[in-house]
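Report on the structure given below.
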Amino acid sequence: MPTSLPPIPGETELDRLVARSRLLGADPTLVLFGGGNTSSKILETDHRGNERWVLRIKGTGSDLRTIEAKHFAGLWLEDLLPLRDREALSDEEMLAYLSRCLVEADAPRPSIETLLHAFLPALHVDHVHADAICALANAPDPVAAVREALGDDIAVAPYVRPGFGLAKIVAEFAGSRAVVLAHHGLVTWGDTHEESYGLTVELVAKAQDYLEAHGSDIFEVALGSGPAPEHFLAQLRGRLSRERRQVLAVDPSQRAVAGRPDVDTIAGARSTPDHMLRIGPRTAVVRTEHDIDDQVGAYEDAYRSYHAAEAEPGTPMQSPLPKVMLVPGVGGIAAGPDAGAARVRLELAAHTHAATAATLDSFGGSSWLTPAEVWEFEYWPLELYKLTLAPPPAELAGTVVIVTGAASGIGRDVAIDLARRGAHVAIADLNAEGLAETLAELPAGRGIAVDGDLTDRVVVDGLVSAAVEAWGGVDAVVFNAGIAATGTLVEVDEAEWRHSLEVNLTSHFTLTKRVWSILENQGIGASLVYISSKNAFAPGAGFGPYSVAKAGLVQLAKIAALEGGKHGIRANVVNPDAIFSGSKLWSDELRKERADAHGVAVDELEQFYAKRSLLGRAVTGPDVAEAVAFLVSDRSRTTTGCVLTVDGGVPAAFPR
Ligand code: ZN
């Protein structure tokens, strides 16, 4: 237990409140993803020059770890205190009332627990859902557990959903040192920032010590990494993505919990408020050796019955699919519309599972809310409001795309464009430096890079494995890697001819073959986009090694379309014409050669290509990216075996 904590820094009381909140938020044993809230009562000067007390409280939906002064709402305390005399106050009445007490009209919506903070007389109040406290608060007898672990001077409030009622109950305990809320969390306070914060730290440490002394040894939660069976992940992801594509996140460090004989108990109704809100009533247990479809189906059925039993008729149901799963032999798996959301669920669940295991180990059993109470929390409009603060999902949210040749030119433009549309993008290229530059342009968590030669089967294998390991599967591949190989048939070296076919054609066959079983296993359809060339239909003399391979690529796509149709796997081709900007393909040598071939000066070459097209305009990387995005997305769901030209209009290259 820490004996002395350093003073909490800051120029003003509000600064110190921010610093205190961030200290709490930075420690995952205290706070996860903004679960919890803080406040200070501060003497401020109002618009008339009078000094009045203001409650500065965390706004709903902000995260303590990164909170700033502007994320706190200010409310006139003298307006709030008379509410204590009311008998009852509904959530709607409370919200309407609070909105009229705001010091700044444009403040964020104040926390649901505002009145709890207001009614406690101490200047500073902190509220967290720490794992160790939840482990005590879910014991078969929470009052006895808290008394034994934390001492007689810590009160236990019975479970009541947050709001006016809970605020009144907690206020009754103002004479205690702190209050544990049954099945919920901890409330501490003090007349200095240090006192309130220090008490939270002290009590959580005490609870941890108690649990460790009583046989709980899995309180260390650290998300690890390591491979899970690829086809299991693809199948699971496919099952969860039938209505909307989702990505998976895997946590092998939960193998210990997933392997316990009481895993079903742990996965059961033993949640925390954050768990109920973001994950739902329970974690699913999925066993790899059994039929995934049936197991997920059973969870869905149970969720539908739970909804039918608890909901008012007509209440729209949230997704009945499991969001977090414990998988014996694998660990924890979470699903989400993007990698970030899945990671949040995974980490929250890791803590819940550890806390539940600690409760079971320390007390030999647990107590929990009724399904009605869980439902009331999960479907609580005030909590659902937090989720509405997130932006709507992007077009390609939950989609995983592999893009090859992404270190420069078209591949880079395509990768960045797909990521901008919400996709998770695995990029590959021989050029590691350029690849790193492209990766830096992709949003954190939605990009991975594999450098290497794609004519090497090991590299192709590693690329697909990396995508599946990162996000649980693959939805689309953009086959873009290529090299320019020139020379007349008489002059061209045989080795160079073979190399062109290897890079421009065979490597794409290898990747198609490698990814195919993943796409089939997911069973939700997929899109393969082959970047060929205007040369496939309108080749140039002296450009044989390249043009022949590109023509073969069109045929490869058509075969993939024929064989993939019954699995919903679409295969299409994009035929661009000369794209110069940012392209590594157009080396000085190639420019010189093609300029000579067309009888123009090198610096006129780009203009020459543009002018010879029907539209007379240059083709750019973003033009190709637009075509690729269309073919990757469901907007082209009825298009397969198609060649889409992006060449400004070259009659000789019209597809046929
Ligand atoms: Zn709470």
Side-chain angles (χ1 to χ4, degrees), residues 405 409-411 413-414 478-492 496-497 500-501 503-505 508 528-561 571-581 583-587 589-628 630-631 636 639-656:
I410 294 177
D413 286 337
V414 165
V478 183
F479 301 84
N480 172 67
I483 50 165
T486 58
T488 63
L489 299 176
V490 169
E491 291 160 358
V492 73
E496 196 178 341
W497 173 272
S500 176
L501 290 185
V503 176
N504 291 319
L505 180 56
H508 302 309
L528 305 176
V529 182
Y530 297 84
I531 309 297
S532 181
S533 165
K534 155 253 164 203
N535 281 43
F537 297 133
F543 213 178
Y546 178 82
S547 303
V548 169
K550 287 295 188 182
L553 193 58
V554 173
Q555 201 73 335
L556 173 64
K558 288 178 179 174
I559 302 290
N572 294 289
V573 180
V574 175
N575 274 4
D577 194 11
I579 293 174
F580 288 85
S581 63
S583 172
K584 287 269 188 301
L585 190 120
W586 284 92
S587 63
E589 202 183 335
L590 182 66
R591 283 172 199 253
K592 168 101 180 56
E593 204 172 291
R594 298 322 294 160
D596 288 350
H598 294 297
V600 296
V602 172
D603 59 1
E604 287 167 0
L605 188 65
E606 201 169 336
Q607 202 58 13
F608 168 79
Y609 279 115
K611 285 287 179 245
R612 76 177 177 179
S613 72
L614 294 172
L615 299 172
R617 57 187 303 165
V619 181
T620 67
D623 292 328
V624 179
E626 184 68 36
V628 170
F630 169 70
L631 291 173
S636 60
T639 300
T640 191
C642 159
V643 179
L644 183 51
T645 61
V646 185
D647 59 6
V650 180
F654 283 175
R656 69 199 86 139

Kindly write out the residues that satisfy ring-ring contact (aromatic ring centres under 6.0 Å, His included) with Tyr609, not counting sequence neighbours, or none if the list is empty.
-> Phe580, Trp586, His598
Closest heavy-atom pair, Val643 versus Pro655, reported as atoms and distance to 0.1 Å, is O-CG, 3.8 Å
Partner residues of Ala601 under the side chain to side chain contact (heavy atoms under 4.5 Å, CB included) criterion, sequence neighbours left out = Asp603, Glu604
Exactly one candidate in Asn480, Val414, Val628, Val573 meets side chain to side chain contact (heavy atoms under 4.5 Å, CB included) with Val529; the answer is Val628
Interatomic spacing from CZ in Arg594 to CD in Glu589 - rounded to 0.5 Å | 12.5 Å
Rounded to the nearest 0.5 angstrom, the CG-SG distance for Asn572 and Cys642 is 5.0 Å
Hits for ring-ring contact (aromatic ring centres under 6.0 Å, His included) against Phe654, two or more places apart or cross-chain, chain-then-number order -> none
When rounded to the nearest 0.5 angstrom, what is the spacing between CG in Asp577 and CG in Asn535?
-> 7.0 Å
Sub-3.5 Å donor-acceptor pair from the side chain of His508 to the main-chain atoms of Ile531, do we have one?
-> no
From NZ (Lys534) to CG (Asp647), nearest 0.5 Å | 8.5 Å
For Thr486, all residues meeting side chain to side chain contact (heavy atoms under 4.5 Å, CB included), sequence neighbours excluded | Phe543, Leu590, Glu593
Does Asn504 use its side chain to pair, donor to acceptor, with the backbone of Lys550 at less than 3.5 Å?
-> no
Derivation of the side chain to side chain contact (heavy atoms under 4.5 Å, CB included) call for Phe537 and Val650 | CA-CA 10 Å; Phe537 297 133; Val650 180; over 6 Å; no
Verdict with supporting geometry, Asp413 and Val624, side chain to side chain contact (heavy atoms under 4.5 Å, CB included) | CA-CA 8 Å; Asp413 286 337; Val624 179; over 6 Å; no
Of all heavy-atom pairs linking Leu505 and Leu553, the shortest is CD1-N, 3.5 Å
Closest non-hydrogen atoms of Tyr546 and Ile483, given as atom of the first, atom of the second and distance, are CD1-O, 3.1 Å
Taking every heavy atom of Ala610 against every heavy atom of Ser613, the minimum-distance pair comes out as O-OG, 2.8 Å
For Ala561, all residues meeting side chain to side chain contact (heavy atoms under 4.5 Å, CB included), sequence neighbours excluded | Ala571, Thr640
Under 3.5 Å donor-acceptor, Ser500 side chain and Pro545 backbone | yes
Does a side-chain heavy-atom distance below 4.5 Å link Phe479 with Leu528?
-> yes
Could you list the residues that satisfy salt bridge (charged side-chain N to carboxylate O under 4.0 Å, His left out) with Glu626, not counting sequence neighbours?
-> Arg421
